[in-house]
Structures are given as C-alpha cells and as structure tokens.
**Q** 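One structure, as structure tokens, below. Some questions next.
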Amino acid sequence: MNTTAQALAPGAQTQEMADGFQLVIDALKLNGIDTIYALPGIPITDLTRRAQADGMRVLSFRHEQNAGYAASIAGFLTQKPGICLTVSAPGFLNGLNALAHATTNCFPMILISGSSEREIVDLQQGDYEELDQLAIARPLAKAAYRVLHAEDIGVGIARAIRAAVSGRPGGVYLDMPAKLFAQSIDAAAGRKTLIKVVDPAPKQIPAPESVKRALEILKSAKRPLIVLGKGAAYAQADADIRSLIEKTGIPYLPMSMAKGLMPDVHEQCASAARSYVLPEADVVMLIGARLNWLLSHGKGKTWGGKASKEWGGQKFIQIDISPQEADSNVRIDAPVVGDIGSCVKALLEAMGSSWPKPSTEWMGSIFERKSKNIEKMAETLAKNPSPMNFHSALNVVRDVVKANPDAILVNEGANALDFTRSIVDMYKPRKRIDVGTWGIMGIGMGYSVAAAVVTGQQVIAIEGDSAFGFSGMEVETICRYNLPVCIVVMNNNGVYKGTDVDPNGRDPAPTVFVKNARYDRIIEAFGGVGVHATTPAELRKAMDEAIRSRKPTLINAVIDETAGTESGRITSLNPSAKKK
Ligand SMILES: Cc1ncc(C[n+]2csc(CCOP(=O)(O)OP(=O)(O)O)c2C)c(N)n1
Ligand SMILES: [Mg+2]
C-alpha cells in the first residue's frame with residue numbers, strides 16, 4: 001500500500017496513513033481489476049495518475065461516453081466489471097448513456113464518478129458541477145451506491161462488483177464525493193476495511209424438475225429450433241453449448257453477438273433460412289436470448305402468427321438467469337432458470353447418450369432453403385459494380401475475417417450493420433460486438449479500444465459513416481495507445497444513403513453529409529495510416545496490410561451513395577417510411 005507519512009510531535013512514532021484515492025485503487029486491485037477507462041478532471045485527476053503509478057492500466061479517452069462503452073464491452077468480454085471513471089455533473093452525464101447501455105445489455109460495468117460537496121448539492125446552493133448524480137443514475141443502473149467515508153470504500157467497491165456481475169449482470173453506479181478522496185485513515189486499519197469479494201457471480205443451478213420439463217418438451221418436438229443469445233456468448237460455456245447443439249442435432253439461430261459461438265458455417269446453422277425456421281419451428285429453445293423486439297417479441301407474422309401480435313403456436317423453452325424473464329412476451333412452457341453454463345450442463349447430463357435427432361424432413365427443408373439463399377448471396381457477392389456497394393466491400397471483409405478468425409469485429413451503422421451481420425461469417429465465440437439491444441450508434445471506437453486492450457487481438461471495426469462520427473475523435477486514442485485497430489468507414493455520404501435533398505433547396509438534407517468526405521485523413525493527423533479505397537481490391541490490400549502491420553488504420557471505403565435502404569433491415573419500425 002502506498003502511504004503518506006504524517007508529521008507527529010518530535011519523538012513520537014510516524015503513523016502510516018492511507019487516503020481515499022489509495023483505498024479505491026487498492027480495493028480495485030485486490031479484486032483483480034487492473035484497467036480503468038477514464039477521462040480526468042476534478043476531482044478524479046489524481047485517481048487516474050495514482051492508479052497508473054500503481055501499475056493499473058488507465059486508458060484515457062476524449063469523451064466519457066466512449067470510455068463508458070469501452071468499460072461495458074470489457075465487462076462482456078471478461079466477465080469482470082469494466083470500470084469507467086468520470087468527473088462530476090457533465091462527465092457523469094456523458095458516462096451515463098453507457099451505464100444505461102450496460103444495464104440494458106446485461107454487461108457488468110461500474111461507473112465511478114466524482115461528485116461535488118453533498119451538503120451544498122443537497123441545499124442546491126450552486127456548487128461547482130452541482131448535480132444529484134446518485135438520484136439520476138439510480139433508474140438506469142442495476143444498483144447505485146454512494147461512499148461518504150474512507151472506511152466504507154472497501155464495502156462500496158465490493159457491493160458494486162457483486163451487483164455488476166452476479167445474477168443478470170448490469171451497470172452499477174458508484175458515487176464518490178470529492179471530499180472522500182482526501183480523507184486519510186490509518187493505513188493498517190484501512191487495509192482491514194478492504195474486501196476481496198469471494199465468488200462474485202455464484203453459480204445458479206437450475207431445478208432438476210425444470211430441466212426434466214424442458215427435455216420432455218424438446219423430445220416431443222417435430223421441428224425444434226435453438227436460438228442463441230448474447231447471454232449464451234457471455235457465459236463462456238462454449239464447449240458445453242457446442243455439445244448440446246451437436247448432440248441434439250437441432251438447427252440453431254445465433255443472435256447478432258452470439259454469432260461465432262458456433263461457427264456460422266456449421267451445418268446446423270439456420271441463419272440463412274431464418275424467415276423459414278421461425279414460423280415453422282414447433283418447439284424453440286432460447287439460450288440466453290430474450291424475446292424482445294429483436295425476435296419480434298416471439299409472436300406475429302415472423303413467428304407464423306396470423307396478425308401482428310398473434311402467437312404463432314410454438315412452445316418455448318427459455319434458459320435464462322433471471323426468473324422474471326419468462327412470460328415477458330409470450331407463454332414460456334418450460335423456463336429453466338439458472339446461469340447458462342449450469343443449465344446447459346444439467347441439460348446435457350439429463351439427456352443421456354441417445355437423443356433422437358430431428359427428422360430428415362425438417363433438416364432437409366432447412367438445408368434446401370439455406371442452400372438457395374447462400375447461392376443467391378454468393379452470386380451477389382461475386383459482382384464487382386462500380387462504384388463499390390455494401391456487398392462487394394463486405395465480400396472483402398468476409399474473406400479477411402475468415403482468414404483472421406481471432407480478430408474482433410466491431411460493427412455499427414444501419415446498412416453497414418445489417419449487411420455485415422448477414423454477409424460476414426464468424427467462426428469463434430465473442431468475436432462480434434455491436435450496437436446491442438438498443439441499436440445505438442456510438443459504440444464503435446470505445447469498443448475497439450477495449451477489445452484491443454483486453455484481448456490483445458486485432459480489431460476490425462466496420463462502421464457506417466454516420467455511426468463512425470459519434471466516436472470518431474477516439475481515433476486519437478487508438479493512435480496514442482498504438483492499438484491494432486483497422487477501421488473501415490463504409491462511406492455512402494450519409495445516414496442510410498447520401499441521396500436525399502432539401503425540397504426547398506436551401507440546406508443539405510438531414511440525412512446527408514459532406515460528399516466524398518475523406519475520413520482517412522482524420523487518422524493521419526495522429527500518425528495512423530489512412531487509406532482511400534474505391535474498389536474491393538484496394539480495400540483488400542489495405543485491410544491485409546493493416547492486419548500484417550497491426551498499425552492503427554482507417555480505410556475510407558467509398559460506397560455507392562444510392563446503395564442503402566432507409567433504416568436498413570428495420571424499415572418497418574420507421575413511421576414515415578411505412579407511410580411512403
Ligand atoms: C445514439 C443514436 N442516435 C441515432 C440513431 C439513429 N440511427 C440509426 S442508424 C443511424 C446511422 C446510419 O447511417 P450510417 O452509420 O452511415 O449507416 P448506413 O446505413 O449509411 O450504412 C442513425 C443515426 C441511433 N440508432 N443511435
Ligand atoms: Mg452511411
């Protein structure tokens with residue numbers, strides 16, 4: 001423990017003291033947390049400095065939102081809470097978006113914000129950066145705490161860690177008033193207040209009868225289907241999930257961030273026949289996937305229902321850590337509540353060795369649709385139009401990812417997101433990280449920094465030009481830490497496409513940006529490699545070189561500005577587009 005010596009009366013013994021800064025650092029380190037995603041300023045500047053001096057990795061960002069997204073995805077990738085550290089009021093609010101994102105996506109994260117003087121804030125006397133941060137964070141966080149005394153730092157950090165990673169993970173807010181950091185207590189006494197959290201995410205074993213019920217329903221299925229969600233990817237139960245899928249022989253659909261949990265090229269993967277299997281399946285087993293909007297709430301036409309809210313007649317088995325998840329949208333016939341790893345293990349054990357494979361009729365009809373769609377896609381990908389479109393550019397990305405299956409793919413945009421998801425196959429678990437449950441723009445560069453730092457792997461960020469703009473300044477951060485990140489900006493001159501015009505001819509249309517912008521020049525300002533690519537061949541050469549050199553690289557991929565669709569794949573959710 002780094003301590004300060006206090007001057008006492010001559011002849012008296014010096015007492016070792018520890019201040020609030022030190023206790024926070026020691027409490028984090030004691031719990032194996034070695035990285036902080038931060039933006040310095042009053043009152044946490046010294047916390048960033050001293051954490052770095054004490055050997056922690058302190059990644060300093062240009063905007064707190066990006067530090068927050070970095071922390072959130074570090075949590076997803078490592079199962080340890082990602083720490084975002086901000087200043088009070090405005091810094092806190094900038095970080096809050098990511099905290100809410102972490103809670104919504106079930107990523108473990110702790111937002112630690114400095115705050116102003118309590119008695120002044122509470123009397124609203126106009127303190128520097130006055131804001132009742134705890135009250136504001138509470139509805140957006142899984143839990144929110146404030147620490148007022150140095151003696152309570154150990155408990156505060158321990159509670160934050162437990163809340164972030166246990167059960168269904170989420171975002172936790174920890175409020176630390178400026179005065180806390182300056183408080184000094186006896187170092188030995190301080191050490192005793194720190195808590196090394198024992199078993200922060202205890203296993204939750206499913207009830208045997210719930211497992212039995214699930215297997216009976218699964219066995220009765222004529223056309224079974226498994227849906228893998230990002231909860232299944234988070235669980236790091238990859239081998240058991242693979243065994244379950246291969247032992248049952250059931251076709252599966254991965255949700256976006258579960259792609260690669262099983263290779264997308266696996267014969268049981270039904271992604272290319274999604275619109276066939278969802279309405280046709282009679283029993284669906286959800287593994288760490290929620291029946292939210294991304295799965296059309298488990299009902300309506302997507303699922304074979306006659307009307308938009310009508311149930312399609314499927315039976316659902318749902319494996320989820322939260323007992324409240326079942327029945328959120330449609331009836332769940334067999335909820336299996338527990339952590340994904342324990343549930344899958346229990347299912348495997350209870351299945352025995354001879355599990356009947358699904359009928360060749362069901363598998364054959366899926367295979368037939370799949371093959372047709374894959375063939376159609378191959379034809380489209382093989383075309384080489386000028387200007388380049390999403391397909392011809394993503395055909396390159398598809399090859400590059402195939403050749404580098406350990407690379408982490410970051411992805412955001414509308415068309416740039418939807419086309420990448422469907423065209424670029426993933427081969428390994430937790431290699432695709434994207435906009436998540438809310439479909440937010442702005443995760444790109446924060447995710448890229450965290451993914452490079454926590455995995456040491458090459459990062460490939462496929463970004464819509466609009467999406468990139470939300471966090472683009474962090475290319476400086478990527479260059480400063482010299483991270484192996486290759487950013488590809490799919491530049492179609494705007495949001496969805498670049499062709500809209502102001503009917504009055506006065507301003508650019510709201511969806512349109514500066515035409516032919518050179519995003520590649522942004523990274524050059526910071527010493528990175530910028531490439532302007534107008535053909536698939538140029539894009540391929542630039543990506544190969546970025547991966548070979550591991551240098552920070554930004555490729556401005558010029559995409560036909562007419563190529564996209566409004567809102568990408570979710571046009572149906574866009575009120576005005578419906579009217580059109
Ligand atoms: C924080 C946030 N703001 C706004 C949106 C609305 N939105 C959805 S996609 C998108 C950008 C799409 O354009 P681009 O990234 O260039 O992708 P493209 O479709 O052109 O490939 C926007 C602004 C959002 N999802 N999140
Ligand atoms: Mg665009």
Side-chain angles (χ1 to χ4, degrees), residues 63-66 68-69 72-73 93-105 140 256 292-294 387-397 409-424 433-448 460-475 487-500 508-520 522 533-534 539 554-577:
H63 190 292
E64 291 88 350
Q65 185 168 297
N66 306 319
Y69 288 144
S72 75
I73 207 67
L93 288 172
N94 283 346
L96 203 55
N97 205 325
L99 184 74
H101 166 74
T103 304
T104 300
N105 284 274
L140 300 174
S256 195
N292 57 22
W293 71 280
L294 288 157
M388 182 156 71
N389 63 10
F390 285 103
H391 290 91
S392 59
L394 286 168
N395 187 38
V396 172
V397 178
L409 185 75
V410 174
N411 192 200
E412 60 177 336
N415 295 280
L417 175 86
D418 293 334
F419 284 124
T420 305
R421 191 197 308 111
S422 59
I423 292 171
V424 179
I433 49 182
D434 66 26
V435 298
T437 311
W438 270 348
I440 33 164
M441 301 300 111
I443 49 87
M445 298 303 104
Y447 272 23
S448 295
I460 298 170
I462 306 299
E463 301 274 313
D465 52 333
S466 165
F468 172 71
F470 286 73
S471 66
M473 194 64 210
E474 304 295 347
V475 295
I487 305 153
V488 180
V489 175
M490 303 292 241
N491 188 358
N492 63 349
N493 293 343
V495 176
Y496 312 134
K497 44 169 62 188
T499 49
D500 274 9
T511 53
V512 163
F513 299 146
V514 166
K515 302 264 178 188
N516 309 315
R518 292 291 300 271
Y519 290 98
D520 49 309
I522 296 177
T534 60
L539 176 59
L554 194 160
I555 304 165
N556 181 52
V558 179
I559 303 293
D560 181 355
E561 65 171 12
T562 68
T565 8
E566 180 146 336
S567 305
R569 287 277 166 83
I570 52 175
T571 308
S572 62
L573 300 179
N574 188 5
S576 74

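Counting from 1, the numbers follow the sequence of the chain as shown. Whatever order the structure lists ligands and atoms in, that order sets their numbers, starting from 1.
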**Q** Considering only heavy atoms of G413, which atoms of ligand 1 have at least one such atom less than 4.0 Å away?
**A** 15 (O), 17 (O)

**Q** At the 4.0 Å heavy-atom cut-off, does G439 count as touching ligand 1?
**A** yes

**Q** Starting from atom 14 (P) of ligand 1, what is the nearest protein heavy atom, named by residue and atom, and what distance separates them?
**A** S466 CB, 3.5 Å

**Q** May I ask whether G494 places a heavy atom under 4.0 Å from ligand 1?
**A** yes

**Q** Taking 4.0 angstrom as the limit and counting only heavy atoms of F390, give me the atoms of ligand 1 inside it, by number and element.
**A** 21 (O)

**Q** Which ligand 1 atoms, with their elements, are less than 4.0 angstrom from a heavy-atom of A467?
**A** 15 (O)

**Q** For a 4.5 angstrom cut-off between non-hydrogen side-chain atoms, does Y69 reach I440?
**A** yes

**Q** Can you name the atoms of ligand 1, numbered from 1 with element, that are less than 4.0 Å from a heavy atom of A414?
**A** 9 (S), 12 (C), 17 (O), 18 (P), 19 (O)

**Q** If I compare all heavy atoms of G444 with all of E463, which pair ends up nearest, and what's the gap?
**A** CA-OE2, 3.4 Å

**Q** Quick one: does W438 get within less than 4.0 Å of ligand 1, heavy atoms only?
**A** no

**Q** Check the Mg ion (ligand 2) and write out every protein N, O or S atom at under 2.8 Å, as residue and atom.
**A** D465 OD1, N492 OD1, G494 O

**Q** Atom 26 (N) of ligand 1: which protein heavy atom is closest, and how many Å away?
**A** M441 N, 3.2 Å

**Q** If we set the cut-off at 4.0 Å for heavy atoms, which region of N415 has an atom near ligand 1: side chain, backbone, both, or neither?
**A** both

**Q** I'd like to check atom 6 (C) of ligand 1 in this structure: does the protein have a heavy atom lying under 4.0 Å from it?
**A** no

**Q** For F470, take its heavy atoms, then give the atoms of ligand 1 lying under 4.0 Å from any of them.
**A** 1 (C), 2 (C), 3 (N)

